[in-house]
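Numbering starts at 1 and runs along the sequence shown.
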Amino acid sequence: MNSEPWVTAEDVAQHLGVAKDTVYRWRERKALPAHRVGRLWKFQLSEVDDWVRSGGADEESTGPDKKEFSRR
């Protein structure tokens, strides 16, 4: 049985040194592992760490909403 605590987006943001909005954006656009508990999103830091190590937070691994800009 896994006894790892569930943490909030704010906890994940502090753990990774990013803004809380970034955590939610990564959840929506880059499949950051999260679990919905009622109306709240909860995370396990071990899953988040595995996701980061596998390249999930890399800038190149964006979803279809990434826009490329050309120089004129």
Side-chain angles (χ1 to χ4, degrees):
M1 178 159 183
N2 187 358
S3 62
E4 181 180 353
W6 294 96
V7 298
T8 65
E10 188 170 327
D11 296 327
V12 172
Q14 184 175 15
H15 178 71
L16 295 177
V18 299
K20 184 170 73 169
D21 290 343
T22 300
V23 172
Y24 285 119
R25 188 171 43 254
W26 285 347
R27 183 194 57 77
E28 290 175 11
R29 299 179 185 170
K30 294 187 171 195
L32 173 68
H35 304 271
R36 192 162 182 130
V37 179
R39 294 179 7 169
L40 304 174
W41 286 99
K42 296 292 184 170
F43 305 82
Q44 289 196 319
L45 293 179
S46 63
E47 293 179 350
V48 171
D49 289 341
D50 289 344
W51 177 81
V52 170
R53 285 188 191 102
S54 70
D58 291 349
E59 285 192 30
E60 295 82 31
S61 64
T62 57
D65 59 331
K66 181 179 180 183
K67 295 182 174 126
E68 294 185 27
F69 297 95
S70 61
R71 294 184 180 180
R72 294 181 186 202

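Partners of Arg25 under the side chain to side chain donor-acceptor pair (under 3.5 Å) rule, at least two apart in sequence or in another chain, are Thr22. Evaluation of the side-chain contact (heavy atoms from CB on, under 4.5 Å) rule for Ala34 yields Arg27, Trp41, Phe43 as partners, not counting sequence neighbours. Residues satisfying the side-chain contact (heavy atoms from CB on, under 4.5 Å) criterion with Glu47, sequence neighbours excluded, are Pro33, His35, Gln44. Here Leu40 pairs with Lys42 under the side-chain contact (heavy atoms from CB on, under 4.5 Å) rule; sequence neighbours left out. Applying the side chain to side chain donor-acceptor pair (under 3.5 Å) rule to Asp50 yields no partners; only residues at least two apart in sequence or on another chain are considered.
The backbone N or O of Gly55 sits nowhere less than 3.5 Å from a side-chain atom of Arg53 that would complete a donor-acceptor pair.
Taking a 4.5 Å side-chain heavy-atom cut-off between Ile, Leu, Val, Met, Phe, Trp and Tyr, the cluster of Trp6 contains only that residue.
Residue His15 is tested with Leu45, Val23, Val7 for a side-chain contact (heavy atoms from CB on, under 4.5 Å); the sole match is Leu45.
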Verdict with supporting geometry, Leu16 and Trp26, side chain to side chain contact (heavy atoms under 4.5 Å, CB included): CA-CA 12 Å; Leu16 295 177; Trp26 285 347; 3.9 Å; yes
Evaluation steps, side chain to side chain contact (heavy atoms under 4.5 Å, CB included), between Thr8 and Lys20: CA-CA 9 Å; Thr8 65; Lys20 184 170 73 169; over 6 Å; no
